[in-house]
Protein chains: 4
Amino acid sequence: MSPLNRQQLNQIRDERREEIKQAALKVFARRGYTGTKMSLIAKEASISEGLIYRYFNSKKELFSTLIEELMEEARRELEHVQHLPGTPFEQIKNLTENMLDENNKYAFMLIERARKDDDVPENVTRIFEHLPTNGLIDLLVPVFIKGQQSSEFSPGEPRKLLTWYFTIVISLLTQEQEDEEYGLPDVEVLMRILTK
Amino acid sequence: MSPLNRQQLNQIRDERREEIKQAALKVFARRGYTGTKMSLIAKEASISEGLIYRYFNSKKELFSTLIEELMEEARRELEHVQHLPGTPFEQIKNLTENMLDENNKYAFMLIERARKDDDVPENVTRIFEHLPTNGLIDLLVPVFIKGQQSSEFSPGEPRKLLTWYFTIVISLLTQEQEDEEYGLPDVEVLMRILTK
Amino acid sequence: MSPLNRQQLNQIRDERREEIKQAALKVFARRGYTGTKMSLIAKEASISEGLIYRYFNSKKELFSTLIEELMEEARRELEHVQHLPGTPFEQIKNLTENMLDENNKYAFMLIERARKDDDVPENVTRIFEHLPTNGLIDLLVPVFIKGQQSSEFSPGEPRKLLTWYFTIVISLLTQEQEDEEYGLPDVEVLMRILTK
Amino acid sequence: MSPLNRQQLNQIRDERREEIKQAALKVFARRGYTGTKMSLIAKEASISEGLIYRYFNSKKELFSTLIEELMEEARRELEHVQHLPGTPFEQIKNLTENMLDENNKYAFMLIERARKDDDVPENVTRIFEHLPTNGLIDLLVPVFIKGQQSSEFSPGEPRKLLTWYFTIVISLLTQEQEDEEYGLPDVEVLMRILTK
DNA sequence: GATGAATGAGCCTTCATTCAT
DNA sequence: TATGAATGAAGGCTCATTCAT
């Protein structure tokens with residue numbers, strides 16, 4: 001007799017939750033934790049302010065959830081790099097292009113802000129304390145070493161070069177310069193850092 | 001009756017104003033506009049909250065003043081590069097080291113945040129609308145061209161290469177990674193972007 | 001086409017309405033007007049939140065309805081005392097036991113809260129303004145006087161003694177002390193107030 | 001050079017804190033925890049809403065502080081009873097009159113509400129879990145026994161009789177019936193419970 | 001000039017109420 | 001009829017700003 005069955009309701013709930021997360025991602029990424037008003041997220045998601053709280057207990061929880069899920073996603077993507085087709089150079093290039101892609105940009109922007117900003121919920125701070133910046137970098141070290149063996153990459157300490165490289169990549173994508181004159185540097189140019 | 005004459009009072013005022021700006025710079029740079037409470041600035045400057053308002057009408061004005069003065073300072077510094085001793089490569093290298101220096105870092109961090117963040121007073125947003133990122137870059141183009149003529153720098157469109165280069169430098173210094181494993185990339189490595 | 005005829009539907013409606021009132025009584029009595037969330041009533045009645053509004057226009061109306069009906073019920077019960085079997089002493093004792101009985105307790109608790117609490121809808125406040133505490137007491141005065149004539153009750157102003165007595169009885173039953181050491185005072189002890 | 005010295009400031013702070021507690025006591029006692037809006041307390045104290053938060057971190061803390069201090073005060077008063085002049089009967093009578101006094105009334109009302117109401121901060125609930133209603137009663141048992149030995153009080157289990165007696169007294173003073181016809185029962189009448 | 005108490009607008013959050021199904 | 005998702009007004013709390021001293 002129920003107007004919608006349980007499965008339909010669950011699906012609606014999941015979709016709505018996903019919409020809220022997408023909206024929150026966009027706003028948090030641009031404005032940071034404190035600078036983001038729940039009303040802005042609500043407007044971005046085209047829903048009322050109150051509704052957010054049926055899906056997330058608080059602004060803090062919404063933010064944390066986002067960060068945790070994005071971190072996990074990033075980890076999966078980095079792990080996956082070694083299974084991409086092509087040489088190590090092509091694998092890293094592929095990853096870089098992916099990171100700079102419009103669709104993934106917000107995710108990395110937000111992670112970056114969450115890591116750098118001081119005005120972030122304590123539990124989020126703790127996530128990054130336990131995971132050093134370059135923690136995820138280790139997943140790429142084997143790929144890089146293979147590239148060094150095939151002389152695609154320049155010699156030198158792998159973790160160090162990779163860390164520098166991704167420091168640059170990540171900081172670049174927080175720039176939002178699409179509409180400006182030259183856009184982001186070509187990936188090929190960026191990769192000079194690794195290839196000399 | 002007055003124990004201090006007008007000139008001394010003015011000097012005290014100026015010093016106090018400067019202290020407040022220094023404190024504000026530090027806190028704004030780390031926490032952004034919205035994330036910064038006036039009470040934090042007061043504490044950083046070791047004064048009472050109310051006193052700030054004797055020197056600046058509002059948080060917004062304090063922030064704007066800071067940005068405007070830092071922009072002017074940056075402009076002066078860039079203009080001065082061509083008068084530095086040494087070759088164009090050495091001049092740019094010198095500038096870069098200066099930017100990454102601990103003492104100047106906050107200034108560039110703050111400018112960077114002010115330019116990127118969305119939660120910033122409207123009049124500050126307007127400053128950057130009228131001044132494209134690479135507006136200041138034009139000041140360096142003559143130096144770069146001289147370096148190209150002497151083959152210190154790689155050929156290519158000067159504004160484009162310089163823009164990419166400083167995009168990277170500026171975004172790097174917002175990272176605050178002193179305490180981490182590898183620190184910032186060596187300036188020499190960064191300049192590969194310009195020299196190939 | 002309809003599987004139930006109008007009469008059956010009406011009966012269901014009435015039963016449902018009654019269930020909601022019972023649930024509301026329990027929750028309002030324990031938590032007061034402001035402290036009671038509609039969601040708690042819904043849960044207590046094992047129905048959805050929205051459904052309550054098919055039967056009552058608002059929380060306020062639900063509360064008022066409850067109070068009015070309970071007041072009427074109380075009035076009927078007090079009126080009925082004189083027709084109970086036994087002496088005046090036994091009649092009053094019987095009434096007292098009835099009031100302290102687990103099943104009737106919530107009703108008196110709620111009336112008591114509605115009368116004392118300040119955070120109650122205005123129209124409920126008005127009910128009690130027009131009806132002094134001891135308004136209902138008058139119904140018992142004849143019984144009491146009969147008891148005085150038969151020397152069951154001590155001499156003294158009947159309304160005054162009865163008011164004091166029921167002030168005590170009613171305030172006692174708001175105590176909810178079942179789980180504590182001594183429970184409520186014996187009715188016999190309480191009635192010393194009336195018998196000296 | 002400071003306009004007010006530290007001692008003066010501390011005194012102002014203490015007075016203000018006390019004013020807020022007095023106002024809060026009055027409003028909480030009448031309206032309960034949930035039913036009390038901070039704005040009402042502010043109005044009662046003739047200050048702004050925000051100022052309360054310079055003295056108490058939250059509504060919850062204000063409430064808890066109040067309860068804890070009142071409990072401690074009550075304990076002291078009960079302990080003191082045995083040192084009052086007069087016979088045990090007179091000592092208890094004195095205490096009772098004290099409790100029913102207009103000035104102390106709110107304190108007992110609030111304690112009573114805090115103990116009975118369900119919508120109260122968790123830490124307050126815990127205070128009463130660890131301290132049974134009649135926990136404080138034990139302080140009076142020696143006095144009562146002395147009164148039994150001198151035949152001022154009726155025989156019977158002291159804790160039980162005292163508990164019943166104070167259950168009645170406390171619930172009476174929550175009644176707020178000053179303006180009504182008969183006021184509260186005479187203390188002498190109440191004490192019949194103890195003297196038979 | 002300097003302090004910190006005081007104010008009140010605005011943000012996060014809750015919950016009575018409405019609405020689509 | 002029944003459900004629970006959705007809304008928005010209002011309350012708790014923060015913090016930029018003002019003010020008395």
Side-chain angles (χ1 to χ4, degrees), chain A residues 1-6 8-9 12-13 16 34-42 46-62, chain B residues 2-4 9 12-13 16 34-42 47-62, chain C residues 2-4 9 12-13 16 34-42 46-62, chain D residues 1-6 8-9 12-13 16 34-42 45-62:
Chain A
M1 233 19 160
S2 174
L4 289 178
N5 64 35
R6 164 125 358 237
Q8 285 171 311
L9 279 178
I12 288 175
R13 268 194 80 81
R16 190 39 58 103
T34 310
T36 294
K37 308 176 205 174
M38 293 302 265
S39 60
L40 280 180
I41 297 177
S46 305
I47 58 173
S48 71
E49 256 176 273
L51 186 54
I52 299 177
Y53 289 87
R54 281 183 66 88
Y55 295 87
F56 298 91
N57 288 320
S58 64
K59 182 181 178 181
K60 185 172 151 185
E61 185 189 301
L62 173 52
Chain B
S2 169
L4 294 176
L9 279 176
I12 288 178
R13 256 196 88 78
R16 188 44 57 98
T34 310
T36 293
K37 307 177 204 174
M38 293 301 265
S39 62
L40 279 180
I41 297 177
I47 58 172
S48 71
E49 275 177 69
L51 188 53
I52 298 178
Y53 289 85
R54 286 288 208 158
Y55 295 88
F56 298 91
N57 287 320
S58 65
K59 182 181 179 180
K60 187 172 148 184
E61 183 189 304
L62 172 52
Chain C
S2 170
L4 295 176
L9 279 175
I12 289 178
R13 256 197 88 80
R16 186 48 56 99
T34 309
T36 294
K37 307 175 204 173
M38 293 301 265
S39 61
L40 279 180
I41 296 177
S46 306
I47 58 172
S48 70
E49 275 176 69
L51 189 53
I52 298 177
Y53 289 86
R54 286 288 208 157
Y55 295 88
F56 298 91
N57 287 319
S58 65
K59 181 181 180 180
K60 188 172 147 184
E61 184 189 302
L62 173 53
Chain D
M1 233 21 161
S2 173
L4 289 178
N5 65 34
R6 167 131 348 247
Q8 285 172 310
L9 279 178
I12 288 176
R13 268 195 79 81
R16 188 42 57 101
T34 310
T36 294
K37 309 177 206 173
M38 293 301 265
S39 60
L40 280 179
I41 297 177
S46 305
I47 58 174
S48 71
E49 238 174 300
L51 187 55
I52 299 177
Y53 290 88
R54 281 181 67 88
Y55 295 87
F56 298 91
N57 288 320
S58 64
K59 182 181 179 182
K60 186 173 151 183
E61 183 188 303
L62 173 52

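By convention in this document, chain letters (A, B, ...) are assigned in the order of the sequence lines, proteins followed by strands, and residues within each chain are numbered from 1. Every value quoted in this text rests on a predicted model; they were computed, and no experiment measured them.
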Could you pick out which residue, C/Gly50 or C/Lys37, lies toward the 5' side of DNA chain E when each is mapped onto its nearest nucleotide?
-> C/Lys37

Verify the contact: side-chain N or O of A/Arg54 to OP1 or OP2 of E/dT14, cut-off strictly under 4.0 Å; return yes or no.
-> no

So which one's nearest nucleotide on DNA chain E is more toward 5', A/Ser58 or B/Ser48?
-> B/Ser48

Mind checking who F/dT7 pairs with, Watson-Crick or G-U wobble, both distances under 3.5 Å?
-> E/dA16

Output the single nucleotide from E/dA2, E/dT13, E/dT18 whose closest atom is nearest the side chain of B/Leu51.
-> E/dA2

Scanning all shown strands, the Watson-Crick or wobble mate of E/dT21 with both distances under 3.5 Å is F/dA2

Check every strand shown and say whether D/Thr36 touches a base, only sugar-phosphate, or nothing at a heavy-atom separation below 4.0 Å.
-> sugar-phosphate

4.5 Å side-chain heavy-atom contact, B/Leu51 and B/Arg54 = yes

What integer distance in Å separates D/Tyr53:OH from E/dA5:C1'?
-> 17 Å

Atom CD1 of A/Ile12 and atom P of F/dT3 are separated, to the nearest Å, by 17 Å

Between CZ of B/Arg13 and OH of B/Tyr55, what distance do you get to the nearest 0.5 Å?
-> 5.0 Å

Separation of E/dT14 atom P from C/Leu40 atom CG, nearest Å, is 14 Å

In whole angstrom, what separates A/Asn57's CG from E/dC15's P?
-> 13 Å

Atom CD of B/Glu49 and atom C1' of E/dT3 are separated, to the nearest Å, by 10 Å

For A/Thr34, answer base if it contacts any base atom (sugar-phosphate contacts may also be present), sugar-phosphate if it contacts only those atoms, and nothing otherwise; contact means non-hydrogen atoms under 4.0 Å.
-> nothing

Provide, to the nearest angstrom, the distance between the CD1 atom belonging to B/Ile41 and the C1' atom belonging to F/dA16.
-> 11 Å

OP1 or OP2 of F/dA5 less than 4.0 angstrom from a side-chain nitrogen or oxygen of A/Arg13, does that happen here?
-> yes

In Å and rounded to the nearest 0.5 Å, what is the NZ to CG distance from D/Lys59 to D/Leu62?
-> 9.5 Å

Atom-pair distance (CE on B/Met38; C1' on E/dG10), nearest Å | 17 Å

Taken to the nearest whole Å, CZ/D/Phe56 to P/F/dC13 is 13 Å

For D/Tyr55, which contact category applies under a 4.0 Å heavy-atom criterion: base, sugar-phosphate, or nothing?
-> sugar-phosphate

Under 4.0 Å between any heavy atoms, over every strand shown, what does A/Ile47 touch: base, sugar-phosphate, or nothing? Just pick one.
-> sugar-phosphate

Could you tell me the separation between the OG atom of D/Ser48 and the CE atom of D/Met38, rounded to the nearest 0.5 Å?
-> 11.0 Å

Which heavy atom of B/Ile52 sits nearest a heavy atom of B/Ile47, and at what distance?
-> CG1-CD1, 3.9 Å

For DNA chain F, whose closest nucleotide is more 5', that of D/Lys60 or that of B/Ser39?
-> D/Lys60

